[in-house]
Amino acid sequence: MILNIFLLGMPGIGSWVIIALALLLFFGGKKIPELMKGLGGGIKEFKKSF
């Protein structure tokens, strides 16, 4: 029962596609790799701090 409630809260494939398209429209194709590089660097710094 608890597992079913948890799974209902997870976004599906269609939701991820809509989110990806919205990001593509909002930031443009050239800006997304730059944003992902910054996100990866932030995660790397976070892991390094521990």
Side-chain angles (χ1 to χ4, degrees):
M1 172 100 173
I2 293 174
L3 182 63
N4 288 340
I5 293 170
F6 178 70
L7 290 176
L8 289 176
M10 300 295 288
I13 298 292
S15 297
W16 285 114
V17 169
I18 291 171
I19 291 169
L21 288 174
L23 286 173
L24 185 62
L25 289 173
F26 188 70
F27 291 112
K30 293 183 179 182
K31 192 74 171 171
I32 291 178
E34 191 176 310
L35 290 171
M36 293 299 116
K37 183 178 178 183
L39 180 66
I43 292 171
K44 190 181 292 185
E45 287 293 320
F46 180 76
K47 286 182 178 180
K48 197 186 299 185
S49 69
F50 286 105

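For this chain, numbers begin at 1 and follow the sequence in order. Only this structure's heavy atoms are used, side chains among them; waters, hydrogens and symmetry mates stay out.
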Name each donor-acceptor pair under 3.5 Å that joins a side chain in residues 30-42 to protein atoms two or more places apart or in another chain, with its distance.
residue, atom, partner, partner atom, Å
Lys31, NZ, Glu34, OE2, 3.3

message: According to ring-ring contact (aromatic ring centres under 6.0 Å, His included), does anything in residues 15-38 pair up with another residue at least two apart or in another chain? List the pairs.
response: none

query: Applying salt bridge (Lys or Arg N to Asp or Glu O under 4.0 Å), which residue pairs with at least one partner in residues 13-23 are found, sequence neighbours left out?
result: none

- prompt: Applying salt bridge (Lys or Arg N to Asp or Glu O under 4.0 Å), which residue pairs with at least one partner in residues 11-25 are found, sequence neighbours left out?
  reply: none

- request: Identify whether Ile18 and Leu24 are in the same connected component of the hydrophobic contact network (ILVMFWY, side-chain heavy atoms under 4.5 Å).
  value: no

Side-chain donor-acceptor contacts of residues 43-50 below 3.5 Å, not counting sequence neighbours, with atom names and distances?
residue, atom, partner, partner atom, Å
Ser49, OG, Phe46, O, 2.6

